[in-house]
Amino acid sequence: AKVLALSSGAQAEHALKLYDFDLAFVDCDIGDLPGPTILAWATSREKKHVLVLLTDRLSSDWAAVADKVGAYEVMLKPVNDSHVEHIIQA
């Protein structure tokens, strides 16, 4: 398994073009691009991914965005390690 930790939307866009991901945890506050934009890029790819949206504030807006782009789940930060393990193994 390969793990990439990216700190910008530009890096995420580049990685989505280069790699086929099985699972992506996408932060709503990644910096230069909103997380939902990155989720939309990921869902527009031919290969489908399991996508998890990370946020420090749960709201119906984020839930609606996650639903619209087909995210598996919205997780509140800081994340619980056992919950992340559960998602990875699912």
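Side-chain N or O atoms of E13 include none that pairs as donor or acceptor with a backbone N or O of G9 at under 3.5 Å.
Atoms CZ and NZ, on F21 and K2 in that order, are 8.5 Å from each other to the nearest 0.5 Å. Taken from CD1 in I87 to OG in S82, the straight-line distance is 10.0 Å, to the nearest 0.5 Å. In this structure, CG on D81 lies 9.5 Å from CD1 on I88, to the nearest 0.5 angstrom. With rounding to the nearest 0.5 angstrom, the CD atom of Q89 is 11.5 Å from the CG atom of L23. The distance from atom CG of D27 to atom CG of L53, rounded to the nearest 0.5 Å, is 8.0 Å.
Not counting sequence neighbours, the partners of L76 by the side chain to side chain contact (heavy atoms under 4.5 Å, CB included) test are L58. Residues satisfying the side chain to side chain contact (heavy atoms under 4.5 Å, CB included) test with V79, not counting sequence neighbours, are L54, M75, V84. Under the side-chain hydrogen bond (donor to acceptor under 3.5 Å, both in side chains) criterion, H83 pairs with E73, sequence neighbours left out. Under the side-chain hydrogen bond (donor to acceptor under 3.5 Å, both in side chains) criterion, D67 pairs with no residue, sequence neighbours left out. Remark: S8 pairs with no residue by the side-chain hydrogen bond (donor to acceptor under 3.5 Å, both in side chains) rule, at least two apart or across chains. Residues passing the side-chain hydrogen bond (donor to acceptor under 3.5 Å, both in side chains) test with K68: none are found, sequence neighbours excluded.
When all heavy atoms of A66 and V74 are compared, the pair lying nearest together is CB-CG2, 3.3 Å. When every heavy atom of L4 is checked against every heavy atom of A15, the shortest pair comes out as CD1-CB, 4.3 Å.
Put simply, the side chain of Y72 does not reach to within 4.5 Å of the side chain of L51, judged on heavy atoms.
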